[in-house]
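All ligand and atom numbering here is 1-based and tracks the order in the structure. Sequence positions, counted from 1, serve as the residue numbers for this chain.
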Amino acid sequence: MSRIYESDAWQTLLQRANTANPPHLRELFAADPERFDKMSLRVQNILLDYSKNLIDDQTLNDLLDLANEAKVDDWRRRMFQGDRINITEGRAVLHTALRNRTNTPVYVDGKNVMPAVNNELARIKKFVNQVRRGEWRGYSGKRITDVVNLGIGGSDLGPRMVTQALKPYADDRIRVHFVSNVDGVEIANTLRPLNPERVLFVVASKTFTTSETMTNAHTARNWLMSSAFDERAVAKHFIAVSSNKEAIKSFGISAENSFQMWDWVGGRFSLWSAIGLPIALYLALASSKSY
Ligand SMILES: O=P(O)(O)OC[C@H]1O[C@H](O)[C@H](O)[C@@H](O)[C@@H]1O
């Protein structure tokens, strides 16, 4: 089998989807009082309820056949062992290492990555605590009250979504803003009400070359300079989340103010990595076990 849609299991599902006259969900529930129990899973506080999909036992079996034909088990095993299963980028897909709080070793090219992951999480925690406790101060000695994340795509959407969703759990100590649009109106409107002495910019870019993000980062830097008049202020107001150490340095951000994005995670969507820093700053999770 070369393509999944050429497999027998796919064709079986397709036929059922095309020919079956789908029943109403009410009928499916009436026909099987156990439906919810059978088609839901609960893990701690997370409930996965798939009973409200238009599927019956037969469709579920067909879907499992499809998973078998696609060798999902094997791919999952290869994912956990750090194989380069992201074939377009030639990378491992180890978001699981970032969520691994058990410390079981996770290997990439024969090297256990957990010590590096834990070290970076400890740096993030320390940094977040410093900012939230007011130990980290702006160039004029004032506390940070606003965090502005400058990033786009995967370096923006995850933390933006989580901070929005968990807003009720945030306190007022730190506000968080997200700027991704290259149209200067967005950054201008975001910065207008803010006090440069109290703003921390998080420049989030795996490559540190993305035009939108770098344009906004330079705008932010100029905005800070028009108030601070001293290049040393950059160190107090800019941190980087990236894997491009050279570019971070040329922008003027020191290594100690940079947090690592990993080469063995394709894309940026792992909120458990440094990309989730604005979440930790906003929600104060860094000091709790849930981080
Ligand atoms: O993190 P960066 O290197 O700045 O990339 C940010 C984004 O750039 C582009 O929009 C890509 O299509 C996205 O996949 C990526 O997430």
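- Short contacts between ligand 1 and I152, defined as distances under 4.0 Å to a heavy atom of the residue, involve ligand atoms 6 (C), 7 (C), 16 (O).
- Atoms of ligand 1 lying under 4.0 Å from at least one heavy atom of S155, given by number and element, are 1 (O), 2 (P).
- No option in K71, R78, R77 other than R77 meets the salt bridge (charged side-chain N to carboxylate O under 4.0 Å, His left out) test with D74.
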* To do: May I have the step-by-step check of salt bridge (charged side-chain N to carboxylate O under 4.0 Å, His left out) for D57 and R35, ending in yes or no?
  => CA-CA 10 Å; D57 289 342; R35 183 177 172 84; over 6 Å; no
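- Polar contact check, K206 against ligand 1: a nitrogen or oxygen pair lies under 3.5 Å apart.
- Here is the list of ligand 1 atoms found below 4.0 Å of a heavy atom in T207: 2 (P), 3 (O), 4 (O).
- Shown in contact with G153 at under 4.0 Å from a heavy atom are these atoms of ligand 1, numbered in order with element: 16 (O).
- At a threshold of 4.5 Å between non-hydrogen side-chain atoms, the residues E231 and M225 count as touching.
- The aromatic rings of W10 and Y5 sit perpendicular to each other, their planes meeting at more than 60°, with 30° as the lower class boundary.
- A distance of 11.5 Å separates CG in L63 from CG in N68, rounded to the nearest 0.5 Å.
- Proximity of T210 to ligand 1, defined as any heavy-atom pair under 4.0 Å, is confined to the side chain (atoms from C-beta onward).
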